[in-house]
Number of protein chains: 2
Amino acid sequence: MNRDLRLSWTDVRDRIQARIFDRTYAPGDKLPKDDEIAEDFGCARSTVQRAMQDLSQSGIVERRRKGGTTVRADPVTRATVDIPITRREVEERGCKYDYQLIRREMEIAPKSVLARFGMKVPISLLHIEALHLADNRPYILEDRWVCTTTVPEIMNVDLAQKSANEWLVRNKPFSRCDMSFYATKASHDVAAQLDTELGDALLVIERTTWIGSEPITTVQAVTSPGYQLFTQG
Amino acid sequence: MNRDLRLSWTDVRDRIQARIFDRTYAPGDKLPKDDEIAEDFGCARSTVQRAMQDLSQSGIVERRRKGGTTVRADPVTRATVDIPITRREVEERGCKYDYQLIRREMEIAPKSVLARFGMKVPISLLHIEALHLADNRPYILEDRWVCTTTVPEIMNVDLAQKSANEWLVRNKPFSRCDMSFYATKASHDVAAQLDTELGDALLVIERTTWIGSEPITTVQAVTSPGYQLFTQG
DNA sequence: AATATTAATATGTACATACATAATAAAGTC
DNA sequence: GACTTTATTATGTATGTACATATTAATATT
């Protein structure tokens with residue numbers, strides 16, 4: 001067989017996707033089984049499998065053993081968000097990065113914080129407030145709680161010099177990260193810290209991480225006014 | 001070889017990930033090549049390849065032909081957001097879904113809208129304003145522009161009955177979707193539509209879609225107060 | 001008819017092999 | 001030294017085969 005004519009899995013994916021787009025296979029429809037598509041296209045089943053893997057991850061089709069492949073009836077719009085280290089984010093915008101530690105003390109975590117970890121029993125955690133600046137202007141205000149039983153080393157880190165954000169992400173990899181986004185009105189304190197108006201609408205990025213089942217940290221990153229978070233590709 | 005002892009690609013991934021987590025391979029470090037890992041673990045290279053594919057997609061490692069595999073120096077926190085059809089989202093919360101068309105007319109798109117499509121020349125687009133309700137309470141206010149040259153069929157759709165959101169996602173698949181999130185203060189109009197206070201902080205989900213290089217639609221979904229957007233697994 | 005058991009089946013995985021591709025390193029040229 | 005050309009090499013892909021696994025469908029059992 002002429003190798004130049006061989007289909008790549010991206011070709012196969014695109015052709016199947018095209019058939020979904022032009023409604024040859026409409027939402028809810030069942031697709032032929034991989035073997036049939038492979039024979040139809042003149043390629044190996046594993047090539048179809050690779051294409052289907054991609055379509056499945058994109059949320060376009062759903063696959064079940066024995067059940068076959070179906071076009072998702074209720075298509076979802078799926079996107080990926082990347083949250084880099086704040087320093088890097090600022091520097092990639094071509095701004096000068098600065099960082100200020102506002103507060104750092106052990107505290108009994110309030111219920112709202114415990115809830116993010118899925119814990120009930122009150123426990124003392126390291127509470128950190130810090131400000132990230134871009135070109136000397138407040139950029140992100142972070143309100144963080146770190147679990148010192150999972151991450152005892154954090155007690156020896158000079159958080160006035162290096163942000164917990166940076167230290168954690170470089171030194172404490174996580175296996176699970178829950179994230180959420182919401183809007184909040186700038187309180188008196190927050191407005192003062194971010195040097196903005198009381199009542200301004202601010203985007204909050206909340207993240208909670210674990211290693212295995214051990215909680216690492218939870219953070220509310222309150223962004224400055226006008227902040228916009230974009231998805232990747 | 002005893003098949004029961006064979007490593008699955010998830011095992012391989014987990015073991016490599018563990019070595020990254022315990023800093024055997026620290027950020028920026030180069031990993032052994034697939035062949036070596038395969039021999040080390042006693043599995044086929046393709047199994048390592050599958051594991052690496054996953055780690056690469058998760059943003060944990062970076063792979064380059066000939067260059068090899070490196071642990072990402074500046075780790076990013078990566079997450080996936082799924083935006084379902086609004087009806088489905090409301091119903092999955094166990095609420096009654098309703099929908100109201102507020103406005104629907106052809107209009108010259110303002111520059112801000114054209115910019116989202118990456119267009120310069122002013123053009124007339126279908127402008128739609130609509131309200132999604134959950135248990136009779138305003139849930140999401142959508143402000144949408146549809147490109148009628150790409151989607152002429154939309155002109156024949158009764159948007160008073162079926163939301164453009166739903167119709168488009170079911171009938172006009174897209175190949176590209178740009179998304180962004182930000183916070184906004186409720187204007188007089190928005191506050192009235194969402195039945196909330198003037199100046200409330202609201203999360204806006206902005207999406208723009210294309211099929212190939214043809215623009216389909218762009219929408220600002222202004223959520224009601226307290227709305228929180230979560231990432232997937 | 002409802003339930004448990006068994007068979008059938010489409011997708012998923014593991015492996016070996018051969019080749020493709022993109023980056024890098026080495027060698028050659030001016 | 002600066003530039004171009006040419007190997008070299010690690011990852012990526014395509015294929016075939018053999019099994020594993022999860023689900024559905026069929027059958028037997030109560």
Side-chain angles (χ1 to χ4, degrees), chain A residues 1-17 19-20 24-73 233, chain B residues 1-17 19-20 24-73 233:
Chain A
M1 188 190 287
N2 190 333
R3 297 193 175 288
D4 295 342
L5 294 178
R6 290 206 295 191
L7 287 169
S8 72
W9 68 266
T10 49
D11 294 334
V12 173
R13 179 200 57 193
D14 292 346
R15 285 177 61 178
I16 295 169
Q17 201 173 48
R19 289 189 188 178
I20 293 172
T24 304
Y25 307 124
D29 281 4
K30 195 167 166 183
L31 271 72
K33 57 187 179 193
D34 292 7
D35 279 326
E36 288 169 20
I37 295 177
E39 198 186 2
D40 181 16
F41 285 8
C43 66
R45 177 165 82 91
S46 43
T47 307
V48 177
Q49 160 75 30
R50 183 66 185 82
M52 288 297 193
Q53 184 195 318
D54 196 64
L55 290 170
S56 176
Q57 279 181 336
S58 307
I60 293 172
V61 303
E62 273 177 330
R63 281 161 75 76
R64 314 179 62 178
R65 286 174 154 146
K66 164 98 187 178
T69 308
T70 51
V71 181
R72 266 187 89 128
Chain B
M1 188 192 287
N2 189 332
R3 296 193 175 288
D4 297 340
L5 294 178
R6 292 205 294 190
L7 288 168
S8 72
W9 69 265
T10 50
D11 294 334
V12 173
R13 179 201 55 194
D14 292 346
R15 285 177 60 178
I16 296 169
Q17 201 173 48
R19 289 189 188 180
I20 293 171
T24 304
Y25 307 125
D29 282 4
K30 194 166 168 184
L31 271 71
K33 56 188 181 190
D34 292 7
D35 279 326
E36 287 169 18
I37 294 177
E39 198 186 1
D40 180 17
F41 285 8
C43 66
R45 178 166 79 91
S46 47
T47 308
V48 177
Q49 160 74 31
R50 182 67 185 82
M52 288 297 193
Q53 185 194 316
D54 196 64
L55 290 170
S56 175
Q57 280 181 336
S58 307
I60 293 172
V61 302
E62 273 177 329
R63 279 161 76 76
R64 314 178 63 177
R65 284 173 153 144
K66 163 101 185 174
T69 308
T70 51
V71 181
R72 265 187 91 128

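To find a chain, count down the sequence lines: A is the first, B the second, and so on, and within it residues start at 1. As the structure is a computational prediction, the values presented were derived from the model and not from experiment.
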* Mind running a 4.0 Å heavy-atom check of residues 46-63 of chain A against DNA chain D and sending the residues that fall below it, in number order? =>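 Within residues 46-63 of chain A, the residues near DNA chain D are A/Ser46, A/Thr47.
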
I'd like to know if the side chain of A/Asp40 reaches the main chain of A/Ile37, judged simply by a donor and an acceptor atom lying under 3.5 Å from each other, with no hydrogens or angles considered.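 Checking the backbone N and O of A/Ile37 against the side chain of A/Asp40, no donor-acceptor pair under 3.5 Å is found.
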
- Exam field: side chain B/Asp54 to backbone B/Ala51, donor-acceptor pair closer than 3.5 Å: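 Checked: no pair found.
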
Note to self: Looking only at the side chain of A/Arg6 (C-beta and beyond, no hydrogens), which of the listed nucleotides D/dT13, C/dT13, D/dT15 gets closest?
What the structure shows: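 So the nucleotide nearest the side chain must be D/dT15.
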
To the nearest 0.5 Å, what is the distance between [atom1] ([X]) and [atom2] ([Y])?
X       : Y       : atom1 : atom2 : answer
B/Arg15 : B/Ile20 : CZ    : CD1   : 13.5 Å
A/Trp9  : A/Gln53 : CH2   : CD    : 7.5 Å
A/Arg64 : A/Thr69 : CZ    : OG1   : 11.5 Å

**Asked** What integer distance in Å separates A/Arg45:CZ from C/dT13:P?
**Response**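 For the pair A/Arg45 CZ and C/dT13 P, the rounded distance is 11 Å.
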
Item to complete: Could you state the atom-to-atom distance from CG of A/Leu7 to C1' of D/dT13 in whole Å?
Response: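 Value for this atom pair: 13 Å.
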
Scoring nucleotides 3-10 of chain C by protein non-hydrogen atoms under 4.0 Å (B base, S sugar-phosphate only, - none) yields -----BBB

- Message: What I want to find out is whether B/Asp34 reaches B/Arg63 closely enough, with some N-O distance under 4.0 Å, to be called a salt bridge.
- Response: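 A salt bridge links B/Asp34 with B/Arg63.
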
**Prompt:** If you count the non-hydrogen atoms of other residues, nucleotides and ligands that lie under 6.0 Å from CD in A/Gln57, is the total more than 12?
**Reply:**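 Counting neighbours around CD of A/Gln57, more than 12 heavy atoms of other residues, nucleotides or ligands fall under 6.0 Å, so yes.
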
Any A/Leu31 side-chain heavy atom under 4.5 Å of A/Ile16 side chain: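 Yes, close enough: below the 4.5 Å cut-off.
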
